[in-house]
Amino acid sequence: MLLKKKILIGLTREELESFAQELGEPVFRGRQLYSWLYQKRAASFDEMTDLPTAWRLKLSEVADIGTLELARPAKETRDGSQKFLFELADGLRVESVYLPDSPGETVCISSQVGCTLGCRFCATAKMGLFRNLTTSEIILQVLEVEGHCQTRLTNIVFMGMGEPLHNYENVVAALRLLTDPDGIGLSARRITVSTVGLVPAIERWMLDSPPAKLAISLHATTDERRSELMPVNRAYPLEVLFKTLRRFAHFTRDPVTFEYIMIAGFNDREEDVDNLAHWLKNIPAKMNLIRLHPTGSGLIPSSDEAIERFMGWLTEAGIRCTLRESRGIEDEAACGMLFTQEPFKPTKVRAWERADERSP
Ligand code: SAH
């Protein structure tokens with residue numbers, strides 16, 4: 001019988017220490033393995049030259065470092081970013097985007113295959129949810145993009161497919177591995193986890209203090225309009241969300257970052273700034289304005305003039321704001337545009353196709 005090999009990327013130092021012991025090796029071998037996997041980014045057991053040859057051989061029999069296959073060659077977009085379509089072990093596919101100089105060496109990664117939230121403007125929403133990514137798959141997106149782009153990444157944004165806080169455990173486990181100075185060693189201040197504002201998960205975040213910044217996708221200033229865009233607002237309306245965010249700001253002592261897609265006539269009016277001033281009372285905040293990217297939602301992006309006017313009003317109201325320049329739009333690699341046409345490996349025979357074959 002063929003034994004399933006253990007995937008090592010995604011395991012903590014303690015788990016690797018136990019694994020070494022299970023294989024009859026001393027605990028420190030686990031620590032060496034940890035350093036090879038994460039700090040030195042080893043791609044094979046052969047590279048791990050301070051491990052005894054016999055043990056390296058044993059390791060290659062029972063374990064795999066872990067990889068994500070490229071479903072097709074990475075696509076370089078016109079502005080230098082690169083979109084990766086990765087194929088997971090079960091044939092499902094996710095996308096990641098490499099964004100050089102934006103700022104630093106940035107990768108935008110996915111936390112789920114698809115999403116359940118149904119935000120009206122987002123392409124991923126149309127897929128529905130297939131499953132959560134494992135800790136290993138989250139980290140491997142970073143390591144694979146580094147390998148393919150021959151770079152050391154400095155910044156990570158969880159703004160690819162999925163709602164990171166719906167996959168809380170795996171995302172937080174990945175954050176701990178990504179920021180361990182003895183491992184991958186990224187700075188927690190350079191990792192941003194973006195959420196629609198799941199209140200119980202934000203409460204939990206305050207207890208756990210995971211090593212990353214949180215950003216809130218706001219996109220509208222009244223419950224009526226926000227619920228129209230984001231069904232999640234019906235579960236956690238603005239009053240409830242901002243009550244938690246007030247505590248969150250107090251707790252982190254940092255400004256709360258909001259993402260705000262600019263939609264013509266819908267959320268770029270002067271009264272939206274008045275509403276924002278109301279919600280943001282006593283909350284140090286930073287608004288990241290984003291141009292609406294086309295996803296067939298029927299919503300119309302605000303014009304440059306409207307965005308400029310809106311930024312002027314925000315500034316007058318004492319609300320800090322920046323316009324995030326979008327990249328990869330023509331190539332469908334920008335925020336909210338990640339959508340896997342074929343979330344499965346095309347060769348895979350699916351249950352419903354088999355059923356079709358049987359039907360007369
Ligand atoms: N579920 C999380 C993270 C994924 S989306 C969240 O919603 O925050 C990352 C960012 O891209 C979010 O701010 C999201 O609102 C934004 N986005 C989604 N669709 C977009 C679109 N069509 N145009 C511009 N930004 C979009």
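Both backbone and side-chain heavy atoms feed into the values below; hydrogens, waters and symmetry mates do not. In each ligand, atom 1 is the first atom listed, and ligand 1 is the first ligand listed.
- Judged by the shortest distance from any of its heavy atoms, M161 lies outside the 4.0 Å radius around the atoms of ligand 1.
- Under a 4.0 Å criterion applied to the non-hydrogen atoms of G160, ligand 1 contributes the atoms 4 (C).
- With ligand atoms numbered from 1 in the order given, ligand 1 contributes 6 (C), 8 (O) to contacts under 4.0 Å with heavy atoms of T195.
- The aromatic ring centroids of F258 and F248 lie 6.0 Å or more from each other.
- Remark: ligand 1 atoms within the under-4.0 Å shell around heavy atoms of R291 are 23 (N), 24 (C).
- At under 3.5 Å, a nitrogen or oxygen of F121, whether backbone or side chain, sits near a nitrogen or oxygen of ligand 1.
- Between the side chains of N132 and N170, no donor-acceptor pair of N or O atoms lies under 3.5 Å.
- If you check each of M159, R120, E163 against atom 1 (N) of ligand 1, the one with the closest non-hydrogen atom is E163.
- In this structure, Y38 and I9 have side chains that are in contact, with non-hydrogen atoms separated by less than 4.5 Å.
- For the residue pair A173 and T135, the shortest heavy atom distance occurs at CB-OG1, 3.7 Å.
- Under 4.0 angstrom from ligand 1, the non-hydrogen atoms of E259 all belong to its side chain.
- The closest approach between a heavy atom of M230 and any atom of ligand 1 is not below 4.0 Å.
- Remark: H148 engages F84 in a ring-ring contact (aromatic ring centres under 6.0 Å, His included) (not counting sequence neighbours).
- When the side chain to side chain contact (heavy atoms under 4.5 Å, CB included) test is applied to T151, the partners found at least two apart in sequence or on another chain are Y98, E105, C149, L153.
- Ligand 1 has no atom lying under 4.0 Å from any heavy atom of C115.
- Not one N or O of R324 is nearer than 3.5 Å to an N or O of ligand 1, by distance alone.
- Numbered from 1 in the order shown, with element, the atoms of ligand 1 that lie under 4.0 Å from a heavy atom of H219 read 13 (O), 14 (C), 15 (O).
- Near T295, with a cut-off below 4.0 Å to any heavy atom, the atoms of ligand 1 are 22 (N).
- W36 and D50 share a donor-acceptor pair across their side chains, judged by distance under 3.5 Å alone.
- Within the 4.5 Å cutoff, no side-chain heavy atoms of V62 are placed close to those of K4.
- Cation-pi geometry between R13 and Y34 is satisfied (NZ or CZ under 6.0 Å from the ring centre, within 45° of the ring normal).
- Residue contacts with ligand 1 include G162, since one or more of its heavy atoms lies under 4.0 Å from the ligand.
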